K.L.:
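Mind having a look at this structure? Questions to follow.
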There are 2 protein chains.
Amino acid sequence: MHFRFGFLSYEISHVIRQRFNKNAEIIGITHSQWRVLVHLSENPNCRQVDLADILDIKPITLVKQLDQLEARNLVRRIKDSDDRRVYRLELTANALPVMQKLWDIADRVEAEVLGALTPDEQALVIRLLCRVKGAICGKEPDMS
Amino acid sequence: MHFRFGFLSYEISHVIRQRFNKNAEIIGITHSQWRVLVHLSENPNCRQVDLADILDIKPITLVKQLDQLEARNLVRRIKDSDDRRVYRLELTANALPVMQKLWDIADRVEAEVLGALTPDEQALVIRLLCRVKGAICGKEPDMS
DNA sequence: TAATATAGTAAGCGAGGGGTATTATATTTG
DNA sequence: CAAATATAATACCCCTCGCTTACTATATTA
């Protein structure tokens with residue numbers, strides 16, 4: 001018998017992404033852009049290369065997401081005065097109310113998806129997944 | 001405070017997919033194709049439209065996956081004699097040893113990713129996620 | 001000063017997924 | 001039975017997300 005944890009987590013996160021995207025369509029933000037906004041809000045004033053690392057994507061991938069978010073006036077690139085190669089990233093004032101709406105959507109979708117579990121079970125599964133993520137975060141599997 | 005279950009499940013499943021894809025690259029099978037094979041093995045002799053529904057993808061998306069799997073001689077389309085519009089899908093004999101290798105990879109990746117949890121906790125988180133998936137499977141969120 | 005490293009970006013590619021329209025075949029309805 | 005409708009698979013074209021490679025500008029190191 002095999003575990004199926006991979007399929008389970010994939011299929012559940014897929015449903016969450018789909019529902020988020022559908023609900024956030026009128027705002028014009030995708031789940032991937034949403035990830036950028038949230039992680040940026042938690043790491044203000046960071047460089048693009050840092051944010052890409054946090055998001056576990058390549059810098060060039062982040063460039064395009066930022067282009068779109070900047071075009072929507074949600075994010076600003078600010079030239080660093082010490083190192084003129086780098087941009088510092090920050091959310092615009094305009095981003096705050098938009099993110100509030102997106103958090104509402106995200107919370108609602110999650111509540112629906114987790115509806116089959118009691119609040120205690122919800123907290124438990126999140127705690128367990130946090131440990132899983134913490135353990136693999138940044139670490140490659142042992143290839144020896 | 002927000003839940004983060006969406007990000008957690010997404011990021012964990014993303015790591016699993018990446019590691020699976022890297023390990024299965026020499027076999028030439030992606031995680032998406034792997035999903036097709038597994039769900040087909042559990043629903044032998046089904047129609048394409050049924051399998052697409054099980055996988056929660058559109059039939060046209062499945063067509064391309066099946067084209068690749070058929071080219072790799074892992075899957076066969078068989079004309080249904082009762083309804084000449086439909087194909088019945090089946091794994092080839094050739095698929096069995098390949099799937100054995102892929103299960104080995106999948107199991108190994110999962111064991112690594114879940115390594116931070118005790119066996120009891122692993123079983124627990126899988127049980128909880130099974131309930132979550134069972135509850136949302138096929139159901140749209142209540143939009144009333 | 002020369003070699004090397006780093007931050008951001010352009011160009012172009014591929015996987016995965018989808019919308020719409022088409023063809024062939026069933027099914028339902030007048 | 002004939003006509004309208006529904007269904008299964010698919011062709012064509014598009015999108016998003018992510019990548020590799022190569023380039024420019026700037027820092028850092030030898």
Side-chain angles (χ1 to χ4, degrees), chain A residues 7 10-11 13-22 24-25 28-37 39-40 45-72 75-89, chain B residues 10-11 13-22 24-25 27-37 39-40 45-72 75-89:
Chain A
F7 287 150
Y10 171 71
E11 287 160 10
S13 77
H14 189 233
V15 167
I16 291 175
R17 277 171 79 87
Q18 279 186 322
R19 292 191 185 179
F20 180 91
N21 283 335
K22 191 162 70 179
E25 198 172 18
I29 292 292
T30 65
H31 189 267
S32 290
Q33 292 166 2
W34 171 230
R35 273 189 85 219
V36 174
L37 290 175
H39 284 89
L40 175 54
N45 224 258
C46 69
R47 306 177 302 164
Q48 291 186 201
V49 69
D50 296 328
L51 187 55
D53 194 57
I54 291 167
L55 293 167
D56 198 22
I57 59 179
K58 301 296 169 195
I60 183 60
T61 303
L62 180 59
V63 165
K64 297 169 202 170
Q65 309 264 21
L66 289 175
D67 287 347
Q68 295 172 299
L69 291 171
E70 206 171 31
R72 297 263 346 250
V75 164
R76 239 193 316 266
R77 288 169 162 109
I78 298 176
K79 275 281 183 197
D80 187 308
S81 50
D82 289 343
D83 186 336
R84 305 200 316 187
R85 292 169 305 181
V86 338
Y87 284 111
R88 297 285 166 177
L89 300 172
Chain B
Y10 170 71
E11 288 160 8
S13 77
H14 188 234
V15 168
I16 291 175
R17 277 171 79 87
Q18 280 186 322
R19 292 190 186 178
F20 179 91
N21 284 336
K22 190 163 67 179
E25 197 172 21
I27 302 179
I29 292 293
T30 65
H31 189 267
S32 290
Q33 292 166 3
W34 171 230
R35 273 188 85 220
V36 174
L37 290 175
H39 284 89
L40 175 54
N45 224 257
C46 69
R47 306 177 302 164
Q48 290 186 200
V49 69
D50 296 329
L51 187 54
D53 194 57
I54 290 166
L55 293 167
D56 199 21
I57 59 179
K58 300 297 168 195
I60 182 59
T61 302
L62 180 59
V63 164
K64 299 167 207 172
Q65 309 263 21
L66 289 176
D67 288 347
Q68 296 172 299
L69 292 171
E70 206 172 30
R72 296 266 342 250
V75 165
R76 239 193 317 266
R77 289 167 163 109
I78 297 175
K79 275 280 181 198
D80 186 308
S81 50
D82 288 344
D83 187 336
R84 305 200 316 187
R85 293 170 303 180
V86 338
Y87 285 111
R88 298 285 166 177
L89 300 172

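So you know, we letter chains A, B, ... as the sequences are listed, proteins then strands, and number each from 1. Worth saying up front: this structure is predicted, and the values here are computed from it rather than measured.
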K.L.:
Write down the distance between CG (B:Asp53) and C1' (C:dG17), rounded to a whole number of angstrom.
P.N.:
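Computing the B:Asp53:CG to C:dG17:C1' distance gives 16 Å.
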K.L.:
Among C:dA11, D:dA9, D:dA27, find the nucleotide with the atom closest to the side chain of A:Ile60.
P.N.:
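Nearest listed nucleotide: C:dA11.
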K.L.:
Send over the distance from A:Asn45 CG to C:dA7 C1', rounded to a whole Å.
P.N.:
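Between C1' of C:dA7 and CG of A:Asn45: 16 Å.
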K.L.:
Counting the atoms with a prime plus P, OP1 and OP2 as sugar-phosphate, which does B:Ser32 contact under 4.0 Å by heavy atoms, base, sugar-phosphate, or nothing?
P.N.:
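Sugar-phosphate only.
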K.L.:
Using whole Å, what does the distance between atom P of nucleotide D:dA9 and atom CG of B:Asp67 come to?
P.N.:
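About 13 Å, once rounded to whole Å.
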K.L.:
With heavy atoms under 4.0 Å as the rule, sort A:Ile57 into base, sugar-phosphate or nothing.
P.N.:
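Sugar-phosphate contact only - A:Ile57 comes under 4.0 Å of backbone atoms but never of a base.
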K.L.:
Which is it for A:Ile78 and A:Asn45 under the side chain to side chain contact (heavy atoms under 4.5 Å, CB included) test, yes or no, and what are the steps along the way?
P.N.:
CA-CA 9 Å; A:Ile78 298 176; A:Asn45 224 258; 5.7 Å; no
K.L.:
Would you mind telling me which residue lines up with the more 5' stretch of DNA chain C, A:Arg88 or B:Asp56, judged by nearest nucleotide?
P.N.:
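Looking at the nearest nucleotide for each, A:Arg88 comes out on the 5' side.
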K.L.:
Is the closest basic N to carboxylate O distance between B:Asp67 and B:Arg77 below 4.0 Å?
P.N.:
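Salt bridge: yes.
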K.L.:
Find the distance A:Asp80:CG to D:dA25:C1' and express it as a whole number of Å.
P.N.:
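In whole Å, D:dA25 C1' and A:Asp80 CG are 14 Å from each other.
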K.L.:
If the cut-off is 4.0 Å, is B:Gln48 near the phosphate of D:dT10, judged by side-chain N/O to OP1 or OP2?
P.N.:
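For B:Gln48, the contact criterion (side-chain N or O under 4.0 Å from OP1 or OP2 of D:dT10) is met.
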K.L.:
Work out which heavy atom in A:Trp34 is nearest to a heavy atom in A:Ile29; give both atom names and the distance.
P.N.:
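Looking at all heavy atoms of both residues, the shortest contact is N-CG2, 3.9 Å.
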K.L.:
Closest approach to the side chain of B:Pro59, judged atom by atom: which nucleotide of D:dT10, C:dG16, D:dA8 is it?
P.N.:
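Minimum distance to the B:Pro59 side chain belongs to D:dT10.
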K.L.:
Please check the phosphate of D:dT16 (OP1 and OP2 only) for any side-chain N or O of A:Thr30 closer than 4.0 Å.
P.N.:
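For A:Thr30, the contact criterion (side-chain N or O under 4.0 Å from OP1 or OP2 of D:dT16) is not met.
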K.L.:
Round to the nearest Å and state the distance from B:Leu66 atom CG to D:dA8 atom C1'.
P.N.:
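Answer to the nearest Å: 13 Å.
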K.L.:
Is the distance from OP1 or OP2 of C:dG17 to the nearest side-chain N or O of B:Gln65 less than 4.0 Å?
P.N.:
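For B:Gln65, the contact criterion (side-chain N or O under 4.0 Å from OP1 or OP2 of C:dG17) is met.
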K.L.:
For the side chain of B:Arg85, starting at C-beta, report the closest nucleotide among C:dA26, C:dG8, D:dT10.
P.N.:
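Ranking C:dA26, C:dG8, D:dT10 by closest atom to the B:Arg85 side chain puts C:dA26 first.
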K.L.:
Please work out if B:Asn21 contacts a base, only the sugar-phosphate, or nothing of the nucleic acid, heavy-atom cut-off 4.0 Å.
P.N.:
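Here B:Asn21 touches no strand at all.
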K.L.:
Keeping A:Asp53 on the side-chain end and A:Val49 on the backbone end, is there a donor-acceptor pair under 3.5 Å?
P.N.:
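Not a single qualifying donor-acceptor pair exists.
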K.L.:
In whole angstrom, what separates A:Lys58's NZ from D:dT21's P?
P.N.:
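Between P of D:dT21 and NZ of A:Lys58: 11 Å.
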K.L.:
Do B:Lys64 side-chain and C:dG18 base share a donor-acceptor contact under 3.5 Å?
P.N.:
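Indeed, a donor on one side and an acceptor on the other fall under 3.5 Å apart.
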K.L.:
Quick one: is B:Arg47 getting a side-chain N or O under 4.0 Å of the D:dA8 phosphate, OP1 or OP2?
P.N.:
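Answer is yes, contact under 4.0 Å.
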K.L.:
Tell me: NE2 of B:His31 to C1' of D:dG18, nearest whole Å?
P.N.:
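My rounded result for the distance is 17 Å.
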K.L.:
Side chain of B:Tyr87, heavy atoms from C-beta onward: which of C:dG8, D:dT10, D:dC19 has the nearest atom to it?
P.N.:
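Nucleotide nearest to B:Tyr87's side chain: D:dT10.
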K.L.:
Side-chain N or O of B:Thr61 less than 4.0 angstrom from OP1 or OP2 on C:dG16?
P.N.:
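It does not, given that no N or O in the side chain of B:Thr61 lies less than 4.0 Å from OP1 or OP2 of C:dG16.
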K.L.:
Could you tell me the separation between the CZ atom of B:Arg88 and the CG atom of B:Leu51, rounded to the nearest 0.5 Å?
P.N.:
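Spacing of CZ (B:Arg88) from CG (B:Leu51) equals 12.0 Å.
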K.L.:
Roughly how many Å is it from CG in B:Leu62 to C1' in D:dA8, rounded to a whole number?
P.N.:
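Result: 12 Å.
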K.L.:
So, does A:Arg77 get its side chain near the phosphate of C:dT9, meaning an N or O under 4.0 Å from OP1 or OP2?
P.N.:
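Answer yes for this pair, as a side-chain N or O of A:Arg77 is under 4.0 Å from OP1 or OP2.
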K.L.:
I want to verify a distance call: between D:dC17, D:dT26, D:dC19, whose nearest atom is closest to the A:Arg84 side chain?
P.N.:
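Selected nucleotide (nearest to the side chain): D:dT26.
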K.L.:
Within this structure, what is the CZ-OH distance for the pair A:Arg17 and A:Tyr10, rounded to the nearest 0.5 Å?
P.N.:
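Reported to 0.5 Å precision, the distance equals 9.5 Å.
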K.L.:
Could you pick out which residue, A:Asp82 or A:Gln33, lies toward the 5' side of DNA chain D when each is mapped onto its nearest nucleotide?
P.N.:
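Upstream on the strand: A:Gln33.
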